[in-house]
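Chain letters run A, B, ... following the sequence lines, proteins first and then strands; every chain starts at 1. Note that this is a predicted model, so its numbers are computed, not measured.
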Amino acid sequence: MTVNYWLFKSEPSVFSIDDLASSPNQTTHWDGVRNYQARNYLRDSIKLNDMVFFYHSNSDPSGIAGIAYVTKIGYPDFTALDVNNHHHDPKSTVDNPIWYMVDVKFKEKFKSIISLQTLKNYPELENMVLLQKGSRLSIQPVAKQEWDFILKIAKKL
DNA sequence: GCCAACGTTGGC
DNA sequence: GCCAACGTTGGC
């Protein structure tokens with residue numbers, strides 16, 4: 001049973017790693033993803049106990065804020081069915097929910113953000129999905145060697 | 001707030 | 001199926 005590694009983006013003004021840490025049971029459902037490639041990862045690829053970097057986007061600085069892990073695998077994103085929800089999608093139905101989410105639980109907050117600029121400094125990370133030109137996937141895979149390398153950076157913070 | 005890059009929609 | 005127009009993301 002191998003563990004997979006991921007990076008989830010969130011705007012901290014909407015939902016930050018501190019919000020996750022102060023959530024009931026330090027757990028949240030990762031709703032609102034409305035991109036098909038990201039949806040496919042949520043629905044098909046992300047497994048129980050997979051590890052997740054919590055990334056703060058549109059922030060100062062943007063970067064990796066800490067770690068969470070998966071406590072429930074892909075299931076229909078009910079916010080898509082709720083007409084009053086900001087993420088409502090009229091194409092989504094109970095029989096064909098289209099959009100999926102997972103649950104994640106807080107594990108660790110880094111002493112400080114590992115900024116995007118810092119990540120860009122390391123040639124070891126040049127193939128990270130996050131660092132590819134034009135990349136804006138909100139759910140993306142992280143290679144094990146990239147994960148391990150970033151953990152080493154985090155330990156030196 | 002700007003804007004480049006990307007994804008989606010819809011007319012044809 | 002093409003592609004222009006539009007909407008969104010996210011760094012700066």
Side-chain angles (χ1 to χ4, degrees), chain A residues 4-23 28-46 50-70 74-104 106-143 145-147 149-154 156-157:
Chain A
N4 298 307
Y5 302 94
W6 306 93
L7 181 146
F8 288 11
K9 293 180 186 172
S10 180
E11 296 192 29
S13 61
V14 178
F15 191 84
S16 72
I17 194 161
D18 290 328
D19 293 327
L20 179 61
S22 60
S23 292
T28 194
H29 46 265
W30 202 270
D31 63 15
V33 172
R34 297 292 179 268
N35 168 283
Y36 285 103
Q37 193 175 350
R39 185 282 309 270
N40 291 347
Y41 286 134
L42 289 171
R43 187 189 58 187
D44 306 332
S45 305
I46 296 176
D50 277 2
M51 304 300 292
V52 175
F53 280 140
F54 196 120
Y55 182 88
H56 283 179
S57 62
N58 265 316
S59 188
D60 188 19
S62 291
I64 299 172
I67 299 175
Y69 63 100
V70 176
Y75 62 106
D77 181 343
F78 52 77
T79 67
L81 297 167
D82 178 356
V83 291
N84 294 317
N85 192 284
H86 178 66
H87 296 295
H88 174 244
D89 181 351
K91 295 191 303 301
S92 179
T93 65
V94 173
D95 289 337
N96 182 23
I98 303 181
W99 304 113
Y100 282 74
M101 58 188 178
V102 300
D103 287 357
V104 298
F106 175 83
K107 178 159 192 290
E108 171 185 352
K109 179 185 175 182
F110 294 155
K111 290 195 186 69
S112 60
I113 295 267
I114 303 176
S115 72
L116 181 61
Q117 189 54 55
T118 297
L119 296 170
K120 284 178 176 172
N121 286 338
Y122 295 100
E124 291 89 341
L125 300 177
E126 66 182 4
N127 291 324
M128 269 193 89
V129 175
L130 180 73
L131 303 182
Q132 303 313 301
K133 183 175 168 58
S135 166
R136 52 179 215 188
L137 251 191
S138 62
I139 304 288
Q140 51 179 259
V142 174
Q145 55 268 35
E146 294 162 353
W147 180 276
F149 189 82
I150 291 167
L151 281 195
K152 278 196 272 180
I153 298 172
K156 294 185 208 152
L157 290 173

* For A/Leu119 and C/dC12, what is the distance between atoms CG and P respectively, to the nearest whole Å? -> 11 Å

* To do: Tell me whether the OP1 or OP2 atom of C/dG11 has a side-chain N or O from A/Ser62 closer than 4.0 Å.
  => yes

* Presence of salt bridge, A/Asp77 and A/Arg34, under 4.0 angstrom -> yes

* Asked: In terms of the angle between their ring planes, are A/Phe53 and A/Trp147 parallel, tilted or perpendicular, with boundaries placed at 30° and 60°?
  -> parallel

* Asked: Of A/Phe78, A/Trp99, A/Tyr100, which meets ring-ring contact (aromatic ring centres under 6.0 Å, His included) against A/His29?
  -> A/Phe78

* Within a strict 4.5 Å, meaning less than it, do heavy atoms of the A/Phe15 and A/Ser23 side chains meet? -> yes

* Structure fact -> The residue among A/Ile139, A/Leu20, A/Val52 that forms side chain to side chain contact (heavy atoms under 4.5 Å, CB included) with A/Trp30 is A/Ile139

* Asked: Counting only side-chain N and O atoms of A/Lys9, is one of them less than 4.0 Å from OP1 or OP2 of C/dT9?
  -> no

* Structure fact -> 5' to 3', nucleotides 2-8 of chain B under a 4.0 Å protein heavy-atom cut-off (B base, S sugar-phosphate only, - none) gives ---BBSS

* Would you say A/Gln132's side chain and A/Met128's backbone share a donor-acceptor pair under 3.5 angstrom? -> yes

* **Atom-pair distance (CD1 on A/Ile113; P on C/dG10), nearest Å** => 15 Å

* Please report, rounded to the nearest Å, how far the P atom of C/dG10 is from the OH atom of A/Tyr55. => 8 Å

